[in-house]
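Per chain, numbering begins at 1; letters A, B, ... match sequence-line order. Keep in mind that this is a model prediction, so the values were computed, not measured.
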There are 2 protein chains.
Amino acid sequence: MKKSYHHGELRQALIDAARALVREKGDDGFSLSDACRRAGVSTAAPYRHFADKHEILDEVLAQGFDDLTAGMAAAATAEPAGSPQRILALGHTYLKFAMAEPALFRMMFGQKADTAPDHIVVQRGKSCFGFVVEEVVTFCRLNRVQGDAMLIALQLWTLVHGATGLTIDGDYAKISDAIEVGQILALASDRLLFSLPRRMDAPGPIAGEDHVE
Amino acid sequence: MKKSYHHGELRQALIDAARALVREKGDDGFSLSDACRRAGVSTAAPYRHFADKHEILDEVLAQGFDDLTAGMAAAATAEPAGSPQRILALGHTYLKFAMAEPALFRMMFGQKADTAPDHIVVQRGKSCFGFVVEEVVTFCRLNRVQGDAMLIALQLWTLVHGATGLTIDGDYAKISDAIEVGQILALASDRLLFSLPRRMDAPGPIAGEDHVE
DNA sequence: CTTGCCATGTTAGTAAGTCTAACATATGTT
DNA sequence: AACATATGTTAGACTTACTAACATGGCAAG
């Protein structure tokens, strides 16, 4: 089937090609020309759909945030509400996502310039973190944890984000090939989640109480 | 003083120009041509001193690691040995370094390809982290902390690295303008440092015992 | 001192990439 | 059926990384 002149789905085809190329060649290895070649159009064609290269990548990043959020949501529902496993599953999903598409992850969180609050990438990023906060809020409520859930979520995010960055950039590996990210995450998140003050003035289950010492 | 033909110090001049340009324009905004313009030479001149663009940047990154290590060492000596303040000062220096030269920091830790153990950037990175481990080992010994100091250092590094990345990439700011990195770091590192098992079978000062609750 | 080597610079040119302008074609609305 | 518009193309301007061939001048051997 020859699309003699008009492609028909060029916009989405370019977004898909861009994501695939970022995955294959890295964020700095990606060229618009490459994406055009893959989509079978001339190098001028994208400019009917996007202002510039950056704008295509924004779509890719937004889609990346959607995928990440969806992945975390799926992982969460597989664990009981309020369980520490549910929180840990979020971090695990985050890490796995980044390991599957490191360059995409790096671009998603490395968009320094995009400080405009209404920017598409910023919005998706917000809703992604918003989901994490919701989960932590639930965890704190069900476990009668005292303190600001937002602050706890931020600490966990910071930890997991650090572990993810050091993993996908190969920094752990540069130090030693015996470093286990999982171990670091498990130990540290255990400390962050379970050495918290509890409200003991109310009855009910305390889900985190039976964690390994 | 006209350097009519031969520059004399071109190699170092190019490294300096590269670092300055990375600071000013970001890692993706840096071009070799720019550095040549700033050094006052033609665009072919660098190739007498470096194989390619990447090789200049490697020198910049190595110098960056040296600066970071030196900065942390200076910050450490300003605090008493074995004190938690000394450990926290390392993290603080790490963060400040990255905030001063975000693009440089990102490149220093984002060199995915450089997995060759004898590579100049890898070596400097190793010795940088090695310094941190030494400090944590000292802390653990003076505070009779049980457990692998390396593992504790890795947790702290992971946390601080995450906080640094989320700060310089503006990710905290995208979520909310009320987020304080310092608070996150203080809370989390407190948990990572002070909820550790201690050996109580020996006398001596326990430096961390008087930390704020 | 002079001669010539060679380290280090230059100019010119290639290939790739982003993006613009002017032109071409298909699609669908009247 | 005819035109307006959306969406493609080709040609080209400009930037960049890098190479090849040439130029210059500092320095060492005679």
Check each of B:Glu135, B:Glu79, B:Glu134 against B:Arg86 using the salt bridge (charged side-chain N to carboxylate O under 4.0 Å, His left out) test, and report the only one that passes. B:Glu135
In this structure, how many angstroms lie between the C1' atom of C:dT18 and the CZ atom of A:Phe30, rounded? 11 Å
Which part of the nucleic acid, if any, lies within contact of A:Ser42, taking any heavy atom under 4.0 Å across all strands shown: a base, the sugar-phosphate backbone alone, or nothing? base
Mind checking B:Arg37 for me? I need base, sugar-phosphate or nothing, with any heavy atom below 4.0 Å counting as a touch. sugar-phosphate
Heavy-atom pair with the smallest gap, counting every atom of B:Met108 and B:Val121: O-CG1, 4.5 Å
Using modelled atom types and a 3.5 Å cut-off, is there a donor and acceptor pairing between side-chain atoms of A:Asp148 and backbone atoms of A:Met150? yes
Check this one for me: any side-chain N or O of A:His49 less than 4.0 Å away from OP1 or OP2 of D:dG8? yes
Please pick, from D:dT9, C:dT18, D:dC18, the nucleotide with the shortest atom-to-atom distance to any side-chain atom of A:Ser31. C:dT18
Quick one: label B:Asp52 by what it contacts on the DNA or RNA (base, sugar-phosphate, nothing), any heavy atom closer than 4.0 Å. sugar-phosphate
A:Tyr47 side chain: which of C:dT18, D:dC18, D:dT19 is closest? C:dT18
Looking across every strand, which nucleic acid part, if any, lies under 4.0 Å from B:Ser33 by heavy atom: base, sugar-phosphate, or nothing? sugar-phosphate
To the nearest Å, give me how far apart NZ (A:Lys53) and P (C:dA16) are. 16 Å
